[in-house]
Amino acid sequence: MGWAIALHGGAGDIPRDLPLELRELRESCLHRCLDIAIDAFNARKSPLDIVELVVRELENDPHFNAGRGSVLTDNGTVEMEACIMDGTTKKCGAVSGLTTVVNAVSLARLVMEKTPHIYLAFEGAEAFAREQGVETIDSRHFITPKNIERLKQAKAANSVQVDYTQPIPIVDEPPVPNGDSQIGTVGCVAVDSSGNLAAATSTGGLVNKMVGRIGDTPLVGAGTYANKFCAVSCTGKGEEIIRSTVARDVAALMEYKGLTLKEATNYVIKECTPQGTTGLIAVSATGEVVTPFNTTGMFRACATQDGRSEIGIW
């Protein structure tokens with residue numbers, strides 16, 4: 001047994017003809033995140049530190065739906081959310097409704113470590129960020145031209161869109177470039193050579209979501225979970241992931257049924273969630289790594305102490 005890491009940049013209907021430049025930008029970030037994680041493991045950082053480091057890097061990349069690249073609500077604003085969880089202690093922190101916080105995952109960790117609570121949202125979370133001296137920035141920083149165009153397309157189609165929803169041609173309007181700004185929720189899971197586990201997830205949510213909508217990402221047991229058996233981070237259609245308590249079900253199947261990580265995740269993805277809605281990454285206490293999904297694709301990467309390293313989409 002050795003350390004293992006997995007991360008994702010969102011699941012959905014990722015087009016096979018995704019422009020090469022957009023694919024390479026995202027793959028480059030995934031490579032960079034693996035390098036950050038490997039260096040952190042070699043420096044004997046904890047799994048909790050590592051998942052936070054990786055998710056911060058993903059939040060800072062505008063090509064994924066979290067932090068800088070967060071998609072927009074139906075009011076043209078950002079409402080970011082994140083969750084982080086330590087498997088050994090089951091301590092966790094979550095935040096929603098953030099509009100100015102640069103790295104939501106780090107605020108979630110502060111909720112876990114500096115408050116008696118698990119979950120803070122909206123103005124309460126923003127006030128806590130200011131109190132803790134967390135880096136904030138004008139909300140216009142998060143509103144990118146690509147996501148303005150993506151919101152316009154979703155409104156014209158009268159739809160709320162999950163990660164990587166394919167553009168619908170609108171009469172008399174230029175189509176959104178195939179794959180452009182179709183960006184995904186981010187997450188990371190890690191285990192060290194002693195079997196300590198951690199998970200973190202961060203997102204901007206759904207394109208054209210109602211103001212105030214909260215997805216699966218910050219809900220412990222739905223989009224994010226870690227205990228002594230496994231660590232899980234989910235991506236896809238949040239409402240379906242919430243209904244199926246996806247992350248906790250994986251852990252429960254391992255704990256109560258004795259399934260392996262691969263058996264548990266395959267069952268949940270195939271039997272518990274509708275086709276085309278869900279992807280996840282997970283690691284076990286024994287160093288297993290899995291990245292199953294029932295969508296067209298999922299941006300993902302993983303690495304293990306024995307030298308295995310992989311990046312994939314479809």
Side-chain angles (χ1 to χ4, degrees), residues 4-16 30 51 64-66 83 85 87 161-166 182 184-191 197-203 205-206 215-227 229-304 308 310-314:
I5 183 91
L7 53 133
H8 70 74
D13 187 17
I14 302 173
R16 289 277 182 176
L30 297 180
V51 297
F64 295 103
N65 177 14
C83 183
M85 187 165 186
Q161 297 181 348
V162 74
D163 299 340
Y164 303 103
T165 300
Q166 292 301 289
Q182 297 175 16
T185 298
V186 305
C188 182
V189 292
V191 60
L197 294 141
T201 316
S202 182
T203 189
L206 299 176
D216 68 291
T217 290
L219 301 185
V220 176
T224 311
Y225 192 73
N227 65 2
F229 293 93
C230 63
V232 183
S233 174
C234 301
T235 175
K237 189 173 181 181
E239 282 70 13
E240 297 297 343
I241 294 169
I242 293 169
R243 289 187 183 100
S244 299
T245 58
V246 169
R248 173 58 186 158
D249 272 13
V250 170
L253 286 168
M254 296 181 71
E255 183 174 359
Y256 302 130
K257 297 288 287 184
L259 271 59
T260 65
L261 182 67
K262 184 175 182 178
E263 291 169 339
T265 55
N266 283 347
Y267 180 83
V268 169
I269 289 293
K270 292 178 181 178
E271 304 296 334
C272 301
T273 59
Q275 183 68 24
T277 65
T278 307
L280 65 83
I281 54 172
V283 292
S284 73
T286 56
E288 298 171 274
V289 183
V290 296
T291 59
F293 53 93
N294 61 25
T295 55
T296 302
M298 180 173 72
F299 280 95
R300 62 199 187 277
C302 63
T304 58
R308 173 191 170 194
E310 178 181 301
I311 287 179
I313 305 175
W314 298 283

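Just so it is clear, the values below take in all heavy atoms, side chains as well, and ignore hydrogens, waters and symmetry mates.
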field: Pairwise side-chain contact, Leu7 with Leu30, heavy-atom cut-off 4.5 Å (strictly under)
entry: yes
- prompt: So, Asn294 side chain and Thr278 main chain: donor-acceptor pair closer than 3.5 Å or not?
  reply: yes
Gap separating the CD1 atom of Ile242 from the CG atom of Leu219, nearest 0.5 angstrom: 5.0 Å
message: How close do Pro218 and Gly215 get, counting heavy atoms only, and between which atoms?
response: CD-O, 3.4 Å
message: Has Arg300 got a side-chain atom pairing as donor or acceptor with Ile313's backbone, closer than 3.5 angstrom?
response: yes
message: If I take atom OH from residue Tyr225 and atom SG from residue Cys230, how far apart are they, to the nearest 0.5 angstrom?
response: 8.0 Å
query: In Å, rounded to the nearest 0.5 Å, how long is the span from OH of Tyr267 to CG of Leu253?
result: 7.0 Å
message: Assess, by modelled atom type and distance only, whether the side chains of Thr201 and Thr224 contain a donor and an acceptor separated by less than 3.5 Å.
response: yes
task: Kindly indicate, with the supporting measurements, whether the criterion side-chain contact (heavy atoms from CB on, under 4.5 Å) is fulfilled by Arg308 and Val289.
output: CA-CA 11 Å; Arg308 173 191 170 194; Val289 183; 4.2 Å; yes
Polar side-chain atom of Asn266 near backbone of Ile269 as donor-acceptor pair, under 3.5 Å: no
statement: Closest heavy-atom pair, Ser233 versus Ala200, reported as atoms and distance to 0.1 Å, is OG-O, 3.6 Å
- line: For Ser284, the side chain to side chain contact (heavy atoms under 4.5 Å, CB included) test, sequence neighbours excluded, returns Met254, Leu261, Thr286, Glu288
query: So, for Val189 and Ala199, which heavy atoms are closest and what is the spacing to 0.1 Å?
result: CG1-CB, 3.8 Å
statement: Between the CD1 atom in Ile311 and the CZ atom in Phe299, the distance rounded to the nearest 0.5 Å is 10.5 Å
- request: Output all residues satisfying salt bridge (Lys or Arg N to Asp or Glu O under 4.0 Å) with Glu255, sequence neighbours left out; order by chain, then residue number.
  value: Arg248
query: What are the two closest non-hydrogen atoms of Cys234 and Thr185, and how far apart are they?
result: O-CG2, 4.3 Å
query: Got a donor-acceptor contact below 3.5 angstrom from the Thr235 side chain to the Ala11 backbone?
result: yes
- request: Locate the shortest heavy-atom distance separating Thr291 from Met298; write the atom from each residue and the value.
  value: O-CE, 3.6 Å
N/O donor-acceptor pair under 3.5 Å between Asp216 side chain and Lys237 backbone: no
task: Identify, with sequence neighbours excluded, every residue that meets salt bridge (Lys or Arg N to Asp or Glu O under 4.0 Å) alongside Glu240.
output: Arg243
query: Are the side chain of Ser244 and the backbone of Ile241 linked by a donor-acceptor contact shorter than 3.5 Å?
result: no
query: Considering only heavy atoms from C-beta outward, does the side chain of His8 approach that of Phe293 to under 4.5 Å?
result: no
field: Step-by-step side-chain contact (heavy atoms from CB on, under 4.5 Å) determination, Ile281 to Cys302
entry: CA-CA 9 Å; Ile281 54 172; Cys302 63; over 6 Å; no
query: Of all heavy-atom pairs between Cys188 and Ile5, which one has the smallest distance, and what is that distance?
result: SG-CD1, 3.3 Å
query: Once you round to the nearest 0.5 Å, how far does CZ of Arg16 lie from OG1 of Thr296?
result: 8.0 Å
